[in-house]
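What's counted below: heavy atoms across the whole structure, side chains too, no hydrogens, waters or symmetry copies.
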Amino acid sequence: MQRKTLMLVLMIAAAVIALALVAVVIWQTVAPPRTPAPEAPAQTAQTQAETPAQIAITPPDASATAEDTVRLYFTYWNARSAEGMNACRVAADAGHVYDDLQYEAAVELLRCEAQSDELAFTGFNAEWYQNAADVAYVLTDYTVRYNEAGKAFFLRDTSDRAEYGYWLVKETADGGWRIVMEGY
């Protein structure tokens, strides 16, 4: 009796595994491919090989969208330029410290999408920045690839951030977008 029960359990387990594999194959063939984030504007086009010393730090201009500002932030992040990243933040937060830059080899921005004004205003906390001329919320997905020191420190090769949001403000009506807060 125990042998029959064991055989039945093994057959059920094998059937469940087979169904899971079929589901994965179907999902991979049916699911739309993940599209990369649109290319950054000309002012943010930098290569991965550039170092912070090779990049001219320019804050986002007034004509840049909130998404452009986040893409520029990621360009500076990929170049490991804390100065450039801070140029994309509000003046009050321009001294932000990026401790993990020493562990990172590259950052890949997978998605960068501005969300509705309603979502931006309902999620925004006035304590982050008072008297903002305008508020925006940009949702991102990205992957950080670690260098050898990072792999040893974090005990993994990459870190994925899915649906990581950035709140941006315009400090003046005719000013550019600046990052004021980030998080899940």
Side-chain angles (χ1 to χ4, degrees), residues 32-101 104-146 158-184:
R34 194 170 207 180
T35 57
E39 287 197 26
Q43 74 169 8
T44 65
Q46 308 291 342
T47 64
Q48 243 179 276
E50 290 178 306
T51 62
Q54 295 172 309
I55 294 177
I57 306 301
T58 56
D61 58 37
S63 66
T65 66
E67 290 169 300
D68 292 339
T69 297
V70 172
R71 284 188 195 100
L72 181 61
Y73 178 83
F74 272 82
T75 298
Y76 289 134
W77 185 359
N78 201 35
R80 293 170 308 285
S81 171
E83 183 182 356
M85 294 168 77
N86 280 328
C88 297
R89 302 185 79 86
V90 293
D93 198 25
H96 191 82
V97 177
Y98 302 93
D99 294 329
D100 293 345
L101 291 179
E104 299 167 352
V107 179
E108 181 181 6
L109 181 59
L110 305 170
R111 175 175 65 140
C112 182
E113 298 173 354
Q115 303 300 298
S116 69
D117 289 344
E118 179 182 348
L119 185 60
F121 281 104
T122 57
F124 185 75
N125 183 337
E127 291 180 13
W128 299 337
Y129 192 89
Q130 295 180 358
N131 303 320
D134 202 357
V135 175
Y137 180 64
V138 176
L139 199 56
T140 65
D141 291 337
Y142 62 90
T143 300
V144 177
R145 287 189 304 279
Y146 296 117
T158 62
S159 171
D160 297 324
R161 292 278 176 113
E163 294 191 9
Y164 196 75
Y166 291 85
W167 278 271
L168 296 92
V169 297
K170 282 193 170 191
E171 298 179 275
T172 62
D174 58 349
W177 289 103
R178 297 294 186 271
I179 296 169
V180 70
M181 180 58 69
E182 57 193 81
Y184 294 104

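- Of the inter-residue distances, the one linking Tyr166 atom OH with Met181 atom CE reads 12.0 Å to the nearest 0.5 angstrom.
- Nearest heavy atoms, Pro59 versus Ala87: CB-O, 3.6 Å.
- Applying the side chain to side chain contact (heavy atoms under 4.5 Å, CB included) rule to Ser63 yields the partners Asp61; only residues at least two apart in sequence or on another chain are considered.
- Arg80 places a side-chain N or O within 3.5 Å of a backbone atom of Asn78 that can act as its donor or acceptor partner.
- Here Thr172 pairs with Asp174 under the side chain to side chain contact (heavy atoms under 4.5 Å, CB included) rule; sequence neighbours left out.
- Every residue meeting the side chain to side chain contact (heavy atoms under 4.5 Å, CB included) condition with Glu118, not counting sequence neighbours, appears here in chain and number order: Ser116, Thr122.
- Residues in residues 82-92 take part in these salt bridge (charged side-chain N to carboxylate O under 4.0 Å, His left out) pairs, two or more places apart or across chains: Arg89-Asp93, Arg89-Glu182.
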Step-by-step side chain to side chain contact (heavy atoms under 4.5 Å, CB included) determination, Tyr73 to Thr69 = CA-CA 6 Å; Tyr73 178 83; Thr69 297; 5.7 Å; no

Output, in order, the C-alpha distance, side-chain angles, deciding distance and verdict of side chain to side chain contact (heavy atoms under 4.5 Å, CB included) for Tyr142 and Val144.
-> CA-CA 7 Å; Tyr142 62 90; Val144 177; 3.8 Å; yes

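- Here the closest heavy-atom approach between residue Gly84 and residue Ser81 is recorded as N-OG, 3.0 Å.
- Qualifying side chain to side chain contact (heavy atoms under 4.5 Å, CB included) partners for Asp134, counting only residues two or more places apart in sequence or in other chains: Phe121, Lys170, Trp177.
- For Thr65, the side chain to side chain donor-acceptor pair (under 3.5 Å) criterion is met by Asp68, not counting sequence neighbours.
- At a threshold of 4.5 Å between non-hydrogen side-chain atoms, the residues Arg161 and Thr140 do not count as touching.
- Between Ala133 and Ala173, the shortest heavy-atom distance links the atoms CB-N, 3.5 Å.
- Residues satisfying the ring pair (Phe, Tyr, Trp, His ring centres under 6.0 Å) test with Tyr146, not counting sequence neighbours, are Phe154.
- For Trp77, the side chain to side chain donor-acceptor pair (under 3.5 Å) criterion is met by Glu104, not counting sequence neighbours.
- At a threshold of 4.5 Å between non-hydrogen side-chain atoms, the residues Glu113 and Val138 do not count as touching.
- Taking the side chain to side chain donor-acceptor pair (under 3.5 Å) definition, one finds that Glu67 meets it with nothing, sequence neighbours left out.
- Two residues are said to be in side-chain contact when any heavy atoms from C-beta on lie closer than 4.5 Å; Phe124 and Leu168 fail this criterion.
- Every residue was checked against the side chain to side chain donor-acceptor pair (under 3.5 Å) condition with Tyr137, not counting sequence neighbours, and none meets it.
- Without hydrogens or angle criteria, Arg178 side chain to Asn86 main chain gives no donor-acceptor distance under 3.5 Å.
- Atom CG in Leu101 sits 14.5 Å away from atom OH in Tyr76 (nearest 0.5 Å).
- Take Tyr98 and apply the ring pair (Phe, Tyr, Trp, His ring centres under 6.0 Å) test, not counting sequence neighbours, and it matches His96.
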